[in-house]
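For ligands, and for the atoms within them, numbers begin at 1 and follow the listed sequence. What you see is a predicted model; the values in this text were computed from it and never measured.
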Amino acid sequence: MKTQAQQSFVASLGDIPGVQITECASQLPAIDIRNRHGSGRILLQGALLLEWTPSKQEPVVWLSPNAKFAAGKAPRGGVPICWPWFGPHDTQTDYPAHGIARTANWELTDAQHTDDGAHRLTFMLIRDASNSAFWSHDTPLTLRYTLGPALEIELITRNQSPHPVTISEALHTYFGVGDIRQVRIHGLDGSDYIDKVAHGQRFRQSGDVTFSGETDRVYLGTTAHCIIEDPVLLRSIRIEKQGSRSTVVWNPWAEKAEKMGDYIENGYLNMVCVESGNALDDRITLAPGEEHRLWARYSVTSLN
Ligand code: BG6
């Protein structure tokens, strides 16, 4: 039997060319999108974009071949939304890591096929017993995906409560790469970062980011666009962003990936997270009635 959220999801989709309802494992409903620019899939739980593949490209958004799908769990990969906190909760160690949004139920509130052949889908987070225990503020959250020649993601937080509310957040995007050991990330030269692998010490980036071991860094005070240069897949992925002062770069490397249990052997070689958000020092405080918009745009250029 379908839940109320699932029923309204089916109803709100209507009959839009290129959009189909499907099911992932554990019967979790998802939306498949196909248009002349490429294809994608969004899991309704978490409104989590699982796949995005522009035409004539390898998948840009990475999903672990061993991703686990279950109610209340975020699969490994895609674009989990970290909100209203990033990483562990500041004070409550038993609260879910990365907040409530990535495992919450969401409602599809609008779906459009635009004149330029793109699809634009808008979701609203549903407040219910499963997440209200962790977050009691009246802060409606809207998430909008536009799948066109580029992928655009917009996350809008509104503070409807009568007091200021502080959030941290990230678009925790897993990008597919040919071999992490050959990847370079441009755009962070000179930025200060907190290195979670080095117990939270602060460093300053010098040159491009390259990878030779576990990497878990929160770059602070940076509004720069980044480029993932991938000489194996012969492409670069451009990450533009607005409303974001933090960029998180993460790869668990072999040992940690094995412990996580949802990577295949050597699966960590084929992904990197470059997350646009506002974390730690860059947390955001919204005054009553204020709105904050976090936006990112991903586009791909072939290098051959
Ligand atoms: C990154 C964090 O954003 O997410 C890492 O910086 C964390 O510390 C990673 O390990 C994955 O988190 P999770 O909760 O999806 O395993």
Q. Using a distance-only test with no angle check, is there a side-chain donor-acceptor pair under 3.5 angstrom linking R283 and S168?
A. no
Q. How far is atom 12 (O) of ligand 1 from its nearest protein heavy atom, and which residue and atom name does that atom have?
A. H98 NE2, 3.4 Å
Q: May I ask you to identify the nearest protein heavy atom to atom 9 (C) of ligand 1, giving residue, atom name and distance to one decimal place in Å?
A: W250 CE2, 3.5 Å
Q. Looking at atom 3 (O) of ligand 1, what's its closest protein heavy atom, distance included?
A. E275 OE2, 2.9 Å
Q) In the protein, what heavy atom is nearest to atom 1 (C) of ligand 1, and what distance, to one decimal place, separates them? A) H172 NE2, 3.4 Å
Q | H163 atom NE2: more than 12 heavy-atom contacts under 6.0 Å | A | yes
Q) Are the aromatic ring centres of Y95 and F134 under 6.0 angstrom apart? A) yes
Q. Which ligand 1 atoms are under 4.0 Å away from a heavy-atom of K196?
A. 2 (C), 6 (O), 8 (O)
Q: Would you please classify the geometry between the H113 ring and the H119 ring as parallel, tilted or perpendicular, with 30° and 60° separating the classes?
A: parallel
Q: Do me a favour and list the nearest non-hydrogen protein atom to atom 15 (O) of ligand 1 with residue, atom name and distance?
A: R102 NH1, 2.8 Å
**Q.** Test item: W106 and L141 side chains (from C-beta on) under 4.5 Å apart, heavy atoms
**A.** yes
Q | Which of the ligand 1 atoms, numbered from 1, are nearer than 4.0 Å to a heavy atom of M260 | A | 16 (O)
Q. Between K73 and D262, is there a side-chain N and carboxylate O pair less than 4.0 Å apart?
A. no
Q) If Ile, Leu, Val, Met, Phe, Trp and Tyr residues are connected whenever their side-chain heavy atoms lie under 4.5 Å apart, and connections chain through other members, are L233 and V209 in the same group? A) no
Q) In the protein, what heavy atom is nearest to atom 6 (O) of ligand 1, and what distance, to one decimal place, separates them? A) D216 OD1, 2.6 Å
Q: Number the atoms of ligand 1 from 1 as they appear, then name those within less than 4.0 Å of a heavy atom of F86, with their elements.
A: 3 (O), 6 (O)
